[in-house]
Novice: 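Got a structure for you, written out below as structure tokens; questions coming shortly.
All values derive from a computational prediction rather than experimental measurement. As a basis for the values below, the full set of heavy atoms in this structure was taken, side chains included, without hydrogen atoms, waters or symmetry mates. Below, chains carry the letters A, B, ... as their sequence lines are ordered, and counting in each starts from 1.
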Amino acid sequence: MSSYAPSEIEPKWQAAWADAGTFVSERDESRPKYYVLEMFPYPSGRLHIGHVRNYTMGDVVARYKMSTGHNVLHPMGWDAFGMPAENAAMATGGHPSDYTYNNIAEMKTQMKPLGWSLDWSREFATCDPAYYGQQQALFLDFLEKGLVYRKNAVVNWDPVDMTVLANEQVEDGKGWRSGAEVERRELTQWFFKISDHSEELLEALDGLDNWPAKVKLMQANWIGKSRGLQFSFSLIDGPAGHDRVEVYTTRPDTLLGASFVGISPDHPLAKQLEADNPDVAAFCADVRKGGTTEEALEKAEKRGFDTGLRVRHPFDTAAELPVYIANFILMDYGTGAIFGCPAHDQRDLDFAKKYDLPIKVALKPVGAIEIDPKIREHQEYIRDFKLNPSEKSHWAFGDEDSGEIEFIWIKDHALSFGSYAPIKPSKIPQMNELMLKIRSQIGIYKASEGFEYPGFSAIRYPATVSEAISDAITFCEENGVGHGVTKFRLRDWGLSRQRYWGCPIPVVHCDACGVVPEKKENLPIELPYDVSFDVPGNPLDRHPTWRDCACPSCGAAARRETDTMDTFVDSSWYFARFTAPGATTPTSAEDAAYWMNVDQYIGGIEHAILHLLYSRFFARAMHMTGHLPETAKEPFDALFTQGMVTHAIYTTKNPQDGRPVYHYPEEVELRDGKAYLKEAGTEVTVIPSAKMSKSKNNVVDPTRIVAEFGADTARWFVLSDSPPERDVEWTAAGAEAAHKHLGRVWRIASDIAQDTSPASDADEALLKEMHRAIRDVTGGIDSFGFNAAIAKLYAFTNALSKSKAGSAAKRTAAMTLAQLMAPMTPHLAEEIWALLGGEGLVIDAPWPQVDEAMLVDATVTLPIQVNGKRKAEIVVAADASKDEIEALALSQDAVQRMLDGGAPKKIIVVPGRIVNIVI
RNA sequence: GCCCCCGUGGUGGAAUGGUAGACACCGGAGACUUAAAAUCUCCUGACCUUUUGGUCGUGCCGGUUCGAGUCCGGCCGGGGGCACCA
């Protein structure tokens, strides 16, 4: 007998599907459509095992939906613009276009052997002029609708290379090539007005029932709706044109604790002072060093410059507050100016300590806990006591000598005060209990003595912080201090990139007419091929002729925009383009109406915010400009975010310099639970579950796996070992086990094909097992529980292998097994289907149906618990009454022993589940 | 720094609030074989116990419940994102 030979059967069935045109989708109004999409790849040229997992998950869904009568759209393309191609051109002298298209060809040859049910007839790359030309048309329509505009924005500027850097090109605040300290510099840039849609993008999240809750939460946090107070401090003797400082605060209830005002270095007042005062200019230049990321700004040491200017407190006109220029205030958020309340904000506290500013306590609890008046005298002890050094959110303040604690501070809940026992490590448990007690009372607070404004504290006995905020806004409005406003953290989407390998922005700069949109008939505005990458900066800027053009408005000589689009633009509508990839407009109405929305979208959690939010915005903008129907405003009906494929790293230390040396898995052998180098015998340190990285030599190459074991093994393994949303660790042993199992299935099926045994009384048990398998596998696929579905397939295979059933029942069971495996291991399934005489292709066969009658058992096993601990087990008829169950449960030896002659207090019988006896 | 997620045997993991460890890997024992490979069968959370059986056990500390891996509060540890990587 021959053996399982994937290298023979896989190409055979791939050819069969291709000949039958199985995966080419066409509109068919008579069948329900199903659009399954995996996030398309960047063409790195190297298929990664992570791609294999991502596309196999989509393939399982696609093939399953084909078997349930759906007209499935499952396309593939390339997210082909971006920096790696330019970096490669700079490093090796090639051209980004050649690099990209070669990579696409290479990756496609690596993808085909995996047997995914992709409709390659719809393939495109975002760097195809046919695609980006339509993107330019969309841009022009958006521009006309007022969805795009220009404004200044900050970029990372490398002063040596004279070029803009991406965040990933900034390392420790320095340019990756030049090593020069990066500066934040303003440039005029194009923006999409996504912020106009903040409210709607936030509210519509509620309707996305089949999105992971965590993605929705991340997006909601990103959009960052907040209610606060906007008001102005009047400036004392400010420079001309600056008589007040407008601030926005989400904590107006702490206004009485204000001790300084901070403005962004990019604030108009700061810029005025910068022009007038060299010291200010020096400070501003200094804080502009470093990258633009929020992380870099947050982590940077908080620094300020005392401008010498003073403002008046709106409620205490005798109090004057200093105005600082501070490096942690963003011009993009709120008004670019804040007031600092050190008593109730950690960052403000750090700042106040550093610049010796007053710390005014504005809030305190009222109620059971008495306030110790010594508190204010002991402010110098702030942070001198920690209840637990690792608990950053809890602070205790007090008298070091006596050990008396006067109050504690619980993060996010303003200040809480108390007077209680001395602190000693042994007392910490009691302290925690006390803190919990205080927690239950916090929020009932008022302004503390000494910082009151008549009328302000009187109104403030709200139950929660949010009520306090809302009361404070009302109070301020009534007293003519500012007004309540709603703000969003979401900023407009800057799409300009000063780079070559992207979609050119189709506008023209004319001396007479200004910024003029290109005419649609001139699209696509194609990238010139003859460019060089030997010097940094944008080759489009340096090109001798490309910029030259005629003004679309007046016809005079003009210059093209040389900025290209952010690659997120490319990926914000490709899903719509797949519905009509050849259309001469961005979309076609019939195709969009039929195929949209994406029924199931699958991709990495790393795209949870930006890509998905931008796509949601784009779908709305495309609807506003007539390119998508109203129903496609939320383009992804269901979203699934899958985990990474990880692999152990094998490392030893270089004896000379102690640096790590990374070894390929093939160089390592495992013995007695330890790892050794095969040649030298040196013991190797194993770092499990690490992200794959070329430099760490732990990348798994799918092409090699397919060559060694076949595509079905690779597909089976990436689905089998972990829940899809979690990371899976690739192990050689796991891959071999998967391969062995598929070989076993093949052998079992071959044996059954030869079997002629008559029907037996084991038939029913096997068929019952089969129906349970149908139920569980179907449920597993429906709920993205692929690993659970595969576990069930293992169990069913074991049952089939051991069954003494006759050949007819076994054949039925094996053919059903083939069908249930077909979404995961389609080649093997086709082979078995054909071997056992199945009609046509298994992919065309209707999905097996569960016979409910076959799922019912006559008896049921119930565990018996005593006080929640399992003590015995009883077998009862499925329809046994509660009384019968109770009686039988109580008669168990183990139960009698526990009862020791007494009577149970209570018996809980959960039918079909469990019995719990309370004694 | 801010936001989000995760934590169960030697390993990956399973478990509508209801028998923790399904299924698989590793390991062990056996069958087959001249032998090996392949294959097949059985065992495999820890501790105590001759068997029977018992105790403990889902990162840590508490809480809710007849019953908690699951729900709640507080931590600890690991990972992802933070707007020019895609």
Side-chain angles (χ1 to χ4, degrees), chain A residues 3 39 41-42 44 79 81-84 155-156 164-170 212 214-215 217-218 220-222 224 292-300 302 328 332 346-347 388 390-391 393-394 429 432-433 435-436 439 490-499 566-568 571 604-611 613-614 643-644 670 672-673 688-689 691 720-723 725-729 731 733-734 736-738 740-741 743-744 747 785 787-788 790-795 798 801 861-865 867-873 894 905-908 910 913-918:
Chain A
S3 60
M39 291 178 185
Y42 177 79
S44 62
D79 190 12
F81 276 134
M83 288 202 310
V155 295
N156 299 308
V164 177
L165 299 179
N167 284 333
E168 71 159 11
Q169 296 173 316
V170 178
K214 67 172 167 180
V215 173
L217 186 60
M218 285 165 86
N221 288 334
W222 188 258
T292 56
T293 66
E294 192 168 315
E295 186 188 1
L297 299 178
E298 287 287 336
K299 280 188 175 165
K302 307 293 175 282
F328 58 88
D332 285 325
Q346 185 64 46
R347 187 169 60 184
N388 175 342
S390 57
E391 289 178 7
S393 55
H394 290 162
N432 284 340
E433 202 173 305
M435 276 200 293
L436 286 172
R439 259 188 79 87
L490 180 64
R491 308 201 294 258
D492 278 334
W493 170 13
L495 70 119
S496 295
R497 296 292 180 270
Q498 293 70 41
R499 270 180 265 285
D566 177 10
T567 56
F568 272 122
S571 56
I605 186 71
E606 66 273 21
H607 295 292
I609 297 173
L610 293 181
H611 163 60
L613 189 62
Y614 290 161
M644 290 187 303
L670 301 170
D672 318 323
S689 306
K691 194 171 173 171
S720 66
D721 245 23
S722 279
E725 68 276 14
R726 257 197 258 172
D727 291 353
V728 62
E729 171 137 356
T731 61
E736 274 167 37
K740 274 187 198 172
H741 176 72
R744 181 164 173 247
R747 259 191 322 278
N787 58 324
I790 283 182
K792 190 65 200 178
L793 287 167
Y794 268 108
N798 290 342
S801 160
T861 305
L862 292 181
I864 310 300
Q865 292 182 335
N867 288 343
K869 292 196 185 256
R870 197 188 76 96
K871 293 292 170 188
E873 210 169 74
K905 273 190 198 147
K906 194 174 174 185
I907 304 178
I908 291 129
V910 184
R913 274 292 184 189
I914 205 166
V915 179
N916 191 12
I917 298 165
V918 186

Novice: Below 3.5 Å, does any donor atom in the side chain of A:Glu295 face an acceptor in the base of B:C82, or the other way round?
Specialist: yes

Novice: Could I get the full list of salt bridge (Lys or Arg N to Asp or Glu O under 4.0 Å) partners for A:Arg491, not counting sequence neighbours?
Specialist: A:Asp332

Novice: Rounded to the nearest Å, what distance is computed from the CG atom of residue A:Asn867 to the P atom of nucleotide B:U65?
Specialist: 15 Å

Novice: When the distance from CG of A:Leu793 to C1' of B:A14 is rounded to whole Å, what number comes out?
Specialist: 15 Å

Novice: Applying side chain to side chain contact (heavy atoms under 4.5 Å, CB included), name anything that partners A:Leu217, two or more places apart in sequence or on another chain.
Specialist: A:Asn221

Novice: Within this structure, what is the CZ-to-P distance between A:Phe568 and B:G81, rounded to whole angstrom?
Specialist: 11 Å

Novice: Measure the distance from CZ on A:Arg499 to P on B:C85 and round it to the nearest whole Å.
Specialist: 8 Å

Novice: Considering only the P atoms, how many Å lie between B:A86 and B:C4, rounded to the nearest integer?
Specialist: 26 Å

Novice: Which nucleotide, B:C66, B:G12, B:A83, lies nearest any side-chain atom of A:Ser722?
Specialist: B:G12

Novice: Quick check for you: to the nearest 0.5 Å, what is the distance between A:Trp222 atom CH2 and A:Leu610 atom CG?
Specialist: 5.5 Å

Novice: Checking all strands, does A:Leu490 fall into the base, sugar-phosphate, or nothing category for heavy-atom contacts under 4.0 angstrom?
Specialist: base

Novice: Heavy atoms only, 4.0 Å cut-off, all strands: where does A:Pro723 land among base, sugar-phosphate and nothing?
Specialist: sugar-phosphate

Novice: With sequence neighbours left out, what residues match A:Glu295 under salt bridge (Lys or Arg N to Asp or Glu O under 4.0 Å)?
Specialist: A:Lys299

Novice: Would you please name every residue forming a side chain to side chain contact (heavy atoms under 4.5 Å, CB included) with A:His611, sequence neighbours left out?
Specialist: A:Met39, A:Phe568, A:Ser571, A:Tyr574, A:Tyr601, A:His607, A:Ser615

Novice: Using the 3.5 Å cut-off, write out each protein N or O paired with an N or O of nucleotides 45-47 of chain B and the distance between them.
Specialist:
none

Novice: Can you sort out the partners of A:Asn167 under side chain to side chain contact (heavy atoms under 4.5 Å, CB included), two or more places apart, ordered by chain and number?
Specialist: A:Asn156, A:Thr292, A:Thr293

Novice: Reading 5' to 3' and counting Watson-Crick or G-U wobble pairs with both distances under 3.5 Å, write the dot-bracket notation for RNA chain B, | for bases paired outside the strand.
Specialist: (((((((..(((.....[....))).(((((.......))))).((((....))))..(((((..]....))))))))))))....

Novice: Output all residues satisfying side chain to side chain contact (heavy atoms under 4.5 Å, CB included) with A:Met83, sequence neighbours left out; order by chain, then residue number.
Specialist: A:Asn87, A:Ala166, A:Glu168, A:Gln169, A:Arg499

Novice: Distances for protein N/O vs nucleotides 4-6 of chain B N/O pairs under 3.5 angstrom?
Specialist:
none

Novice: Mind checking the P distance from B:U44 to B:G28? Whole angstroms is fine.
Specialist: 16 Å

Novice: Could you work out the separation of B:U70 and B:U19 based on their C1' atoms and round it to a whole Å?
Specialist: 16 Å

Novice: Using the P atoms only, state how far B:G21 lies from B:G54, rounded to an integer number of Å.
Specialist: 16 Å

Novice: So, does the side chain of A:Gln498 form a donor-acceptor pair with the base of B:C84 at under 3.5 Å?
Specialist: yes

Novice: Check nucleotides 56-58 of chain B for protein N or O atoms closer than 3.5 Å to its own N or O atoms and list the pairs.
Specialist:
none

Novice: Begin with the C-alpha distance, continue with both residues' side-chain angles, and end with the deciding distance and a verdict on side-chain contact (heavy atoms from CB on, under 4.5 Å) for A:Val918 and A:Asn867.
Specialist: CA-CA 5 Å; A:Val918 186; A:Asn867 288 343; 3.7 Å; yes

Novice: Just how far is it from atom CD1 of A:Ile914 to atom CD of A:Glu873, taken to the nearest 0.5 Å?
Specialist: 10.5 Å

Novice: Sugar-phosphate atoms are those with a prime plus P, OP1 and OP2; base atoms are the rest. Using that split, label each nucleotide of nucleotides 17-25 of chain B B, S or - for protein heavy atoms under 4.0 Å, 5' to 3'.
Specialist: -BB--BSSS

Novice: Tell me every residue that passes salt bridge (Lys or Arg N to Asp or Glu O under 4.0 Å) with A:Arg497, counting only those two or more places apart in sequence or in another chain.
Specialist: A:Asp566

Novice: Rounding to an integer number of Å, can you tell me how far A:His607 NE2 sits from B:C85 C1'?
Specialist: 10 Å

